[in-house]
Amino acid sequence: MNIIVCVKQIPDPAAPGALNSESHTLKRDGKLVIDDSDMYGVEMALQLVDAAGGGEVSLVSMAPNGETSGMRTALAMGAAKGVLVSDPALQGSDALTTAKILAAAVQRLGGADLIIAATESSDGYTGTVPEQMAEVLGLPSVTFTKKITINGSTLQASRQTEAGYDEVTCALPAVISVTAGVVEPRYPSFKGIMAAKSKPVEQVTASDLGVTPVGWDGAGQKIISVTQAEARQAGEIIEDDGEAFNKIVGFLENLKVI
Amino acid sequence: MTLNNVWVFAQATNGVATTATLELVTKARLLASNVSVFVSGDGAAIAAAVGDFGATKVYGADCGAHLPGVAMAAAMKSVIDGGESPDLIMFPQSYEGRDAMARLSVKLDKTVITNNVDIEDSGNGVTVTTPIFGGNTLVATTFTGSGPFLAAFRPKSFAPEASGGAAAAVTAVVVPDLGAAGSAKVTAVHVEETTGPKLDEANVVVSGGRGLGEADKYAMIEELAKLLKAAPGASRAIVDAGWVPYSYQVGQTGKVVKPTVYIAAGISGATQHMVGMKGSKNIIAINKDKEAPIFGIADLGIVGDVHKVLPKLIEALKARG
Ligand SMILES: Cc1cc2nc3c(=O)[nH]c(=O)nc-3n(C[C@H](O)[C@H](O)[C@H](O)COP(=O)(O)OP(=O)(O)OC[C@H]3O[C@@H](n4cnc5c(N)ncnc54)[C@H](O)[C@@H]3O)c2cc1C
Ligand SMILES: Cc1cc2nc3c(=O)[nH]c(=O)nc-3n(C[C@H](O)[C@H](O)[C@H](O)COP(=O)(O)OP(=O)(O)OC[C@H]3O[C@@H](n4cnc5c(N)ncnc54)[C@H](O)[C@@H]3O)c2cc1C
């Protein structure tokens with residue numbers, strides 16, 4: 001069982017986000033970290049390979065400036081190798097271009113039985129890349145997966161829906177996107193962190209992968225303005241002295257809700 | 001360009017068009033004179049409803065056990081290949097909407113813009129508005145190149161208004177052979193029933209977060225909700241922790257709610273939570289940390305312990321009968 005996990009490397013979510021004032025893209029000049037949302041995919045892949053009794057987990061990522069620190073976290077958790085697509089020409093790429101790039105990186109690794117991504121990234125949250133990647137690769141997909149088991153060449157998944165969940169079966173190879181909280185990501189061990197340093201990450205450009213056009217040219221969209229929304233004003237804030245519940249009752253009465 | 005032909009990706013539950021569908025059809029009618037909708041299943045079931053809101057055509061495609069996203073995208077592509085040329089296709093920001101849009105974007109080699117709350121056709125460009133950073137910043141993006149433009153909209157972005165149109169004309173579309181991509185099949189459907197009003201339609205919403213401390217304490221939220229004829233909601237933290245089903249989640253990746261009153265108990269007010277509830281008319285927050293971001297948007301903020309405030313509030317409401 002060979003699995004490829006998409007690992008997005010993003011600005012530290014603890015730092016407030018900011019847009020570049022000229023290009024209107026998200027500032028990504030600081031050190032990047034693995035998107036938390038992708039930790040679930042990495043953990044799930046490691047567990048599935050374990051359960052299958054053989055195979056390996058590989059990574060694909062697209063990120064600026066040859067960034068690999070987020071990938072190293074996943075390698076430290078137990079992934080074996082990765083492909084990083086890093087290329088100044090990719091700046092300004094839209095989700096469709098990203099999906100084409102990631103699909104080409106998957107092919108460069110020789111494909112896999114299963115490809116895992118998160119349902120949406122924490123910084124861009126366009127939420128379409130996994131399904132677009134599946135279409136580019138001509139593969140079936142199960143999005144919003146909460147649980148998955150694999151029997152031979154078929155996967156069984158619970159897929160979240162607006163009303164509850166569906167049970168879905170699907171032939172491999174396939175692409176799945178996983179929701180947060182589905183598994184408990186492991187902490188990399190010290191040994192894992194040391195080993196990760198020497199695991200192979202091949203760095204390639206968009207043209208190495210034969211994907212054109214990319215970046216602004218391929219995007220089909222242009223940000224024209226960024227404005228501040230009208231801020232909501234804070235109202236009355238009180239410390240509970242044991243009687244604050246009365247304030248709430250009064251507030252609800254005023255609105256004729258009770 | 002001026003929009004002439006707009007498509008809406010419609011959804012229906014048990015043959016009834018969803019509110020999000022009617023919101024998009026309303027907006028589509030205001031943008032263009034020709035509005036068609038696509039729905040998984042029998043188009044006839046929703047023909048009268050979407051017609052009433054301004055659609056003139058409804059295409060229904062029987063997706064069988066396929067996941068609707070992949071099958072609907074193929075069906076839409078086949079209608080385009082058959083000669084129809086939509087300028088814009090509007091999708092709801094829902095699971096099926098996202099999947100269908102993503103598949104179609106590859107088939108048409110067109111960009112997607114998601115999470116929008118507004119759209120404008122200025123005559124020389126179609127521009128969508130997307131809130132980012134928890135809704136504090138609005139980004140306006142214009143589609144470049146030729147259509148069809150693919151855009152997804154958050155629920156409640158537009159007010160649904162009937163125009164009294166006649167039932168839409170129904171066309172059945174055959175889902176083309178999906179090849180390997182069609183191998184994902186639904187084998188069972190599970191509905192997690194909630195009682196009381198629906199979260200995204202309720203007049204009052206009472207949500208709990210990690211500040212409740214443990215799963216059992218969510219019972220306080222349910223009790224309070226019942227007394228206020230409210231829908232119970234939740235932050236993602238307690239959905240991920242398995243305290244309540246996902247269908248309770250409010251926020252960027254959950255439901256968008258705009259009730260008359262929203263009560264947030266033990267919720268910090270992360271940007272991803274706030275985008276789902278800051279459109280509420282009145283917000284009451286209970287949090288023991290007076291620095292919690294939720295207080296920045298609350299009309300009434302109680303700095304206090306939910307385990308003290310909620311039981312007293314529940315008692316007081318019960319006493320009123
Ligand atoms: C606030 C904001 C809004 C944006 N809105 C849009 C939009 O509406 N349409 C659009 O086309 N672009 C949009 N973009 C640009 C978008 O972020 C980039 O196109 C990005 O390369 C991919 O989008 P995403 O992370 O939003 O993808 P998503 O579809 O949210 O990603 C889902 C999953 O795919 C995998 N994945 C995605 N990107 C990578 C990567 N680089 N490396 C490895 N794995 C990855 C991850 O597992 C991720 O969790 C937006 C950017 C920002 C900052
Ligand atoms: C891509 C992405 C999408 C997301 N989508 C969503 C979404 O749709 N919805 C969502 O909600 N979140 C979403 N999140 C998660 C979000 O960032 C927060 O992690 C989450 O909202 C926090 O939930 P919380 O407020 O319950 O928990 P916390 O942030 O842990 O806050 C708990 C609060 O309870 C208070 N508290 C503790 N004890 C008490 C007490 N006894 N009495 C009173 N107050 C107390 C604390 O002071 C604290 O403010 C998303 C995150 C990402 C990255």
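Every value quoted in this text rests on a predicted model; they were computed, and no experiment measured them. In what follows, every chain begins at residue 1, and chains take the letters A, B, ... in the order their sequences are listed.
- Contacts of A:Glu236 with chain B are made by both backbone and side-chain atoms, with heavy-atom separations under 4.5 Å.
- Interface summary for chain B: among A:Glu120, A:Gln156, A:Glu243, A:Met133, the most heavy-atom pairs under 4.5 angstrom belong to A:Glu120.
- For chain A, the nearby part of B:Lys255 is the side chain; its heavy atoms alone come within less than 4.5 Å.
- Interface check for chain B: of the options A:Gly181, A:Gly127, A:Ser158, A:Ala157, the most heavy-atom pairs under 4.5 Å are formed by A:Gly127.
- Distance alone, capped at 3.5 Å, places no donor-acceptor pair between the B:Ser247 side chain and the A:Ala163 backbone.
- Ranked by non-hydrogen atom pairs under 4.5 Å with chain B, the options A:Leu155, A:Thr169, A:Thr143, A:Asp94 are led by A:Thr169.
- When every heavy atom of A:Ala244 is checked against every heavy atom of B:Ile302, the shortest pair comes out as CB-CG2, 3.5 Å.
- When every heavy atom of A:Tyr125 is checked against every heavy atom of B:Thr114, the shortest pair comes out as O-OG1, 4.2 Å.
- Interface remark: A:Phe144 contributes side-chain atoms only to the contact with chain B (heavy atom separation under 4.5 Å).
- Contacts of A:Ala219 with chain B are made by backbone atoms alone, with heavy-atom separations under 4.5 Å and no side-chain atom involved.
- What you find for B:Thr144 and A:Gln221 is that their closest heavy atoms are OG1-N, 3.3 Å.
- Taking chain B as the reference chain and counting heavy-atom pairs below 4.5 Å, the highest number among A:Ala171, A:Pro173, A:Gly220, A:Gly235 is found for A:Gly220.
- Atom CD1 of B:Ile286 and atom CZ of A:Phe245 lie 12.0 Å apart (nearest 0.5 Å).
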Would A:Glu239 and B:Lys288 count as a salt bridge (Lys or Arg N to Asp or Glu O under 4.0 Å) here? Give the steps. CA-CA 9 Å; A:Glu239 298 261 355; B:Lys288 70 174 185 192; over 6 Å; no
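- Interface remark: of the candidates A:Ile238, A:Asp240, A:Val249, A:Ile238 forms the most heavy-atom pairs closer than 4.5 Å to chain B.
- Looking at B:Gln252, only its side chain comes within 4.5 Å of chain A, counting heavy atoms on both sides.
- With rounding to the nearest 0.5 Å, the separation of CG in A:Leu255 from CD1 in B:Ile284 is 7.5 Å.
- Atom-to-atom distance recorded for A:Leu96:CG and B:Lys110:NZ is 10.5 Å, nearest 0.5 angstrom.
- Using a 4.5 Å heavy-atom threshold, the side chains of A:Leu252 and B:Val261 count as touching.
- Between chain B and the residues A:Gln228, A:Gln160, A:Gln132, the largest count of heavy-atom pairs under 4.5 Å involves A:Gln160.
- Closest approach of B:Ser94 to A:Glu162, counting heavy atoms only: CB-OE2, 3.3 Å.
- With a 4.5 Å cut-off on side-chain heavy atoms, A:Ser141 and B:Arg103 count as touching.
- For the atom pair CG of B:Leu104 and OG1 of A:Thr128, the computed distance is 12.0 Å after rounding to the nearest 0.5 Å.
- In this structure, chain A has heavy atoms under 4.5 Å from both the backbone and the side chain of B:Ile283.
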Verdict with supporting geometry, A:Arg159 and B:Glu96, salt bridge (Lys or Arg N to Asp or Glu O under 4.0 Å): CA-CA 12 Å; A:Arg159 174 179 187 261; B:Glu96 312 313 354; 3.5 Å; yes
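- Counting all heavy atoms, side chain and backbone alike, A:Gly138 lies closest to B:Ala180 at O-CB, 3.7 Å.
- If you measure heavy-atom distances from A:Glu184 to chain B, you find no contacts under 4.5 Å at all.
- Annotation for B:Gly279 and A:Arg232: closest pair C-NH1, 4.4 Å, computed over non-hydrogen atoms.
- For the pair B:Arg98 (side chain) and A:Glu131 (backbone), a donor-acceptor distance under 3.5 Å is absent.
- Of the atoms belonging to A:Thr154, not a single heavy atom falls under 4.5 Å from chain B.
- At a threshold of 4.5 Å between non-hydrogen side-chain atoms, the residues B:Lys185 and A:Glu167 do not count as touching.
- To the nearest 0.5 Å, the span separating CD1 on A:Ile248 from NZ on B:Lys312 amounts to 11.5 Å.
- Summarising the geometry, atom CD1 belonging to A:Ile223 is positioned 8.5 Å from atom CD1 belonging to B:Ile113; distances are rounded to the nearest 0.5 Å.
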